Number of protein chains: 2
Amino acid sequence: MNRYNAGFMTSRGQPMKDSRHAVRCSECSVRRLCLPAGLPVEDIDRLERVTRNKRLVKAGETLYRSGDSFHNLYAIRSGSFKTAVIASDGDTQVTHFALPGELLGLDAYSSRTHPSYAEALEDSSICVLPFSQLESLAQEVPALQQQIYSIFSEELRQENEILLLLGKRAANARLAALLVNISSRYARRGYSASRFVLSMPRMDIANYLGLTPETVSRLFKALQKDGLIRVSGREVEVLDLIALSELAGTHCGYDESEIGRRSVSV
Amino acid sequence: MNRYNAGFMTSRGQPMKDSRHAVRCSECSVRRLCLPAGLPVEDIDRLERVTRNKRLVKAGETLYRSGDSFHNLYAIRSGSFKTAVIASDGDTQVTHFALPGELLGLDAYSSRTHPSYAEALEDSSICVLPFSQLESLAQEVPALQQQIYSIFSEELRQENEILLLLGKRAANARLAALLVNISSRYARRGYSASRFVLSMPRMDIANYLGLTPETVSRLFKALQKDGLIRVSGREVEVLDLIALSELAGTHCGYDESEIGRRSVSV
DNA sequence: CGACACATTGATTTACCTCAACCTGTGTGG
DNA sequence: CCACACAGGTTGAGGTAAATCAATGTGTCG
């Protein structure tokens with residue numbers, strides 16, 4: 001698909017086989033960003049019994065729909081998803097773009113029903129985690145319980161950031177923030193921070209940022225004119241990450257050292 | 001202060017004494033909305049050992065500041081709080097208005113540092129919950145662990161609703177949604193759903209809704225002109241909850257039966 | 001009473017939306 | 001191999017909801 005962040009497609013464009021050796025958390029490429037992060041090996045062994053079940057989700061397919069009853073959490077192994085909520089009048093808000101290592105479905109626990117839906121933005125691969133099993137295991141493994149709290153808590157923190165984005169920031173700052181955010185998240189996954197291919201269409205970006213596709217299009221152009229990025233369709237090259245971060249009004253995506261490290265490594 | 005939702009002030013306007021008999025969860029007026037909700041009595045007994053420590057917070061005082069290190073969760077016993085995040089450029093976004101029974105500080109777990117701050121909107125009373133103790137107890141008491149997950153999950157769900165509000169709704173729908181939301185939350189706490197006193201200034205409402213105080217002021221007036229509410233300063237009377245809910249674009253705040261029940265009970 | 005924060009009101013500006021046209025790439029069928 | 005359709009994306013002209021700027025009002029507390 002592309003040479004920067006190709007996800008789970010091989011270089012020949014074939015979907016990766018769900019071969020047995022790739023199924024184990026301890027060998028998963030995103031284990032440091034996912035549920036097993038920081039767990040002692042013996043606990044990872046036990047976690048692997050919960051995460052055995054894998055699934056492929058094709059681009060455009062939904063992993064779960066709004067209203068579906070809640071049984072599982074889903075850990076993204078490769079690819080990407082959008083999550084969105086639907087209001088009673090049909091109005092839809094994209095709430096998150098999820099990347100490998102991230103957990104989907106946490107918002108469904110309390111009502112036992114998914115309040116949002118998750119749709120694959122590209123062909124993706126996920127682990128199915130039966131929550132009852134995860135819950136039992138967490139009851140016995142404090143480190144896992146802590147990791148679950150940590151993931152919940154971090155999601156809350158991030159949502160608050162997005163509230164600030166939507167409530168206080170101008171349109172160009174919102175787009176800049178999204179680009180900085182995606183850039184840093186790709187970087188943590190071993191992809192280039194400065195060159196990547198957005199897996200979502202302009203419409204989803206616009207929806208997520210509370211804007212229209214037209215405005216997003218014009219903003220991409222404006223950022224390019226100012227020399228902060230280069231864009232061609234969904235391909236983005238970040239030319240001035242510092243200026244982009246400043247425009248976004250946040251230095252949270254990176255600490256300075258990381259900016260330096262990443263920009264030379266490309 | 002007012003006869004509708006007086007919080008922890010007595011009828012003579014004196015702050016309630018933190019008398020020993022009010023300290024127990026099992027006798028707390030908001031126990032059905034708080035951490036002990038749904039726990040078997042023997043588990044509530046154990047929970048009470050964690051929730052012994054109480055604190056009064058005066059109007060305008062902060063419970064914790066952005067950057068403070070994380071040790072405790074706080075359960076609101078009476079009064080109300082706003083929580084807000086501060087961007088690196090000083091820009092602030094109010095993220096939540098919290099009422100009795102709700103938990104503050106959950107977003108701090110993952111970083112061990114409070115990413116937001118919490119400020120009392122009126123003289124308030126809270127339980128201090130040392131998180132390490134709560135965590136240990138949850139490890140032994142599955143029902144408590146589930147309750148904690150449930151609270152996390154519900155917060156995530158609500159944040160997504162607010163994203164939709166900020167991303168998709170017009171200004172008047174945002175204010176309507178806030179009023180419906182507050183109305184229903186007061187109702188669940190035994191106060192009137194149709195008459196209440198907002199504990200927050202216009203500025204905080206505006207900030208929360210991603211608007212300016214001027215716009216909020218005009219919107220209150222417009223809602224009054226349309227016969228949906230009556231406003232006088234911070235006093236609000238909801239005249240047409242159904243129309244207000246429709247304007248808000250949500251029927252989530254109430255199910256029909258509840259609207260009927262509440263409106264006759266006033 | 002006077003000071004001060006909060007709130008309202010009015011006049012003007014503007015950032016973004018809306019609507020409509022057009023472009024561009026990709027897949028499809030003749 | 002080309003015509004065509006169609007979805008996603010861009011561009012432009014014009015409109016509007018809400019922001020901004022600037023007074024003015026109102027309640028509260030020392």
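Computed from a prediction, not measured in an experiment: that's the story for all the values here. Below, chains carry the letters A, B, ... as their sequence lines are ordered, and counting in each starts from 1.
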Atom pair distance, as rounded to whole Å: CG in A/Leu198 and P in D/dG8: 15 Å

Axis deviation across the helix from C/dC1-D/dG30 to C/dG30-D/dC1, five-pair ends, to the nearest 10°: 30°

Sugar-phosphate, base or nothing in reach of B/Gly210, heavy atoms under 4.0 Å: sugar-phosphate

Centroid separation B/Phe81 to B/Tyr74 less than 6.0 Å: no

Main-chain N/O of A/Val238 paired to A/Ser194 side chain as donor or acceptor, under 3.5 Å: no

N/O donor-acceptor pair under 3.5 Å between A/Arg202 side chain and A/Gly233 backbone: yes

Nucleotide range of DNA chain C lying under 4.0 Å from chain B heavy atoms: C/dC6 to C/dA11

Presence of salt bridge, B/Arg157 and B/Glu161, under 4.0 angstrom: yes

Under-4.0 Å side-chain N/O to phosphate OP1/OP2 contact, A/Arg234 with D/dG8: no

Heavy-atom pair of closest approach, residues A/Asn207 and A/Thr92: ND2-O, 3.0 Å

Test ring-ring contact (aromatic ring centres under 6.0 Å, His included) applied to B/Tyr208 - qualifying residues, sequence neighbours left out: B/Phe97

Residues which pass side-chain hydrogen bond (donor to acceptor under 3.5 Å, both in side chains) with B/Thr215, listed by chain and number, not counting sequence neighbours: B/Thr212

For residues 169-178 of chain B, which side-chain N or O atoms pair as donor and acceptor with protein atoms under 3.5 Å away, sequence neighbours left out?
| from | atom 1 | to | atom 2 | distance (Å) |
| --- | --- | --- | --- | --- |
| B/Arg169 | NH1 | A/Asp89 | OD2 | 2.7 |
| B/Arg169 | NH1 | A/Asp91 | OD2 | 3.3 |
| B/Arg169 | NH2 | A/Asp89 | OD1 | 3.3 |
| B/Arg169 | NH2 | A/Asp89 | OD2 | 3.4 |
| B/Arg169 | NH2 | B/Gly249 | O | 3.1 |
| B/Arg174 | NE | B/Arg169 | O | 2.9 |
| B/Arg174 | NH1 | B/Leu209 | O | 2.7 |
| B/Arg174 | NH2 | B/Leu166 | O | 3.4 |
| B/Arg174 | NH2 | B/Arg169 | O | 3.2 |

Residues forming a salt bridge (Lys or Arg N to Asp or Glu O under 4.0 Å) with A/Arg189, sequence neighbours excluded: A/Glu102

Under 4.0 Å protein heavy-atom contacts per nucleotide of nucleotides 20-30 of chain D, with B for base, S for backbone only and - for none: BBB--------

Nucleic acid contacts of residues 164-178 of chain B, taken as heavy-atom distances under 4.0 Å to DNA chain D: B/Ala170, B/Ala171

side-chain hydrogen bond (donor to acceptor under 3.5 Å, both in side chains) partners of B/Ser80, counting only residues at least two apart: B/Glu122, B/Ser199

Set of residues satisfying salt bridge (Lys or Arg N to Asp or Glu O under 4.0 Å) with respect to B/Lys168, sequence neighbours excluded: none

With sequence neighbours excluded, residues passing salt bridge (Lys or Arg N to Asp or Glu O under 4.0 Å) with B/Glu237: B/Arg195, B/Arg230

Residues forming a side-chain hydrogen bond (donor to acceptor under 3.5 Å, both in side chains) with A/Arg234, sequence neighbours excluded: none

